[in-house]
Amino acid sequence: MVTDRPDPGLYPPDRLDRAAAASAEAGLAALLLTPGPDLRYLTGYDAPQLERLTCLAVPAAPAGGKPFLVVPRLELPAAHASPAGGLDIEIIPWDETDDPYALVAQRLGALPGPVGLSDRMWALMVLRLRDALPGARQELASAALRGMRIRKTPAEVAALRAAGEAIDRVHARVPDWLRPGRTERQVAADIADAIIGEGHARVDFTIVASGPNAASPHHEVSDRVLLAGDAVVVDIGGTMPSGYCSDCTRTYMIGEPPPEFAAYYRVLRDAQQAAFAAVRPGVTAEAVDAAARGPIAAAGYGGYFVHRTGHGIGLESHEDPYIVSGNTEPLEPGMAFSIEPGIYPGPHGARIEDIVVCTEQGGERLNNVTRKLICVDAT
Ligand code: ZN
Ligand code: ZN
Ligand code: ZN
């Protein structure tokens, strides 16, 4: 059995105790976490999401008991081999004819308050836990875990930095694959191979939006053939073996840019830089959004910037904090998020995206591949 125990600094063993304390503070009696980012954050266990129940129960401190992990018997060796096996957690297997929900309820006993369920738990499990624990109101585990996950530790920032470097290496190779006559899908396949080749464990998305498709912010990929004169928005990301995600957008040009494109691309670059320069502790998330929007609106393209400026990133590629008008949360050191303004006037569009982490001194970019417009040979 391969044991894959990553940097203990990345998944420190005291997280369970801190989560138990945070649960009490949030008024929860226990956390119930099925496979996904919350479970991985607390234990390092990258458990598969199956119809069979895997569930970590973390009773709130100090009244509750010790955390325990209920797993299908066939997952027991993997659970023991995972970082969870090195933690002070009782791992309890269940057999095919057992009722694992009843097992969880029986081990928890009478609960003095609500349970916090992992935000990404399947409805299948939410409803069965509701039946098994009829006295416990269900809330979101993020009530307890959000405050922990949103402030990245130095080890987490290092993991995000490694993810950023890996996706930068992919972007550095993209110009080679953008040739007139190739399709978006062919380019995306090259990118997917390189995302793995440059060190990710999983490809999360490969957006290749060319020509008129570049004017659609969440266009993914199609069989459209690349043509000379196309702008191509390439927004790509994956998950590293550490569990941490990358996400970076660059806009490329095939041949020479139309003058109106060159004009707003320059505005976009300034806007992305202005938002980056606004990052420091105490500045609100919405002030960073406003800093990106300012130069774009001033140049008359405000109506073409149709999405928020960014999203947090960590074990999920979209998580708190969201960089959006209305989010008055002040930035703190350790918060990591994208800054990705876009301008989509049609018949083309552009977006530039970097992951940025807030430090005591200001922002640190985790993507450093050039933001200059790269024009590839159209012949
Ligand atoms: Zn997105
Ligand atoms: Zn992106
Ligand atoms: Zn993004």
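Ligands are counted one by one from 1 in listed order, and the atoms in each one are counted from 1 as well.
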State plainly whether the residues Asp235 and Arg250 are in salt-bridge range, i.e. N to O under 4.0 Å.
no

I'd like the atom name of the N/O/S atom in Glu340 lying closest to the Zn ion (ligand 3).
OE2

If you consider just the N/O/S atoms, which atom of His311 is the closest one to the Zn ion (ligand 3)?
NE2

Report, as yes or no, whether the 6.0 Å neighbourhood of atom CG on Asp14 holds more than 12 heavy atoms from other residues, nucleotides or ligands.
yes

Indicate, with yes or no, if Ile339 and Ile355 share a hydrophobic cluster defined by side-chain heavy-atom contacts under 4.5 Å among Ile, Leu, Val, Met, Phe, Trp and Tyr.
no

How open is the angle at the Zn ion (ligand 2) from atom OE1 of Glu353 over to atom OD1 of Asp247, rounded to 10 degrees?
90°

For the residue pair Tyr301 and Tyr304, categorise the inter-ring angle as parallel (less than 30°), tilted (30 to 60°) or perpendicular (more than 60°).
tilted

Among the N/O/S atoms of Asp235, which is closest to the Zn ion (ligand 2)? Give the atom name.
OD1

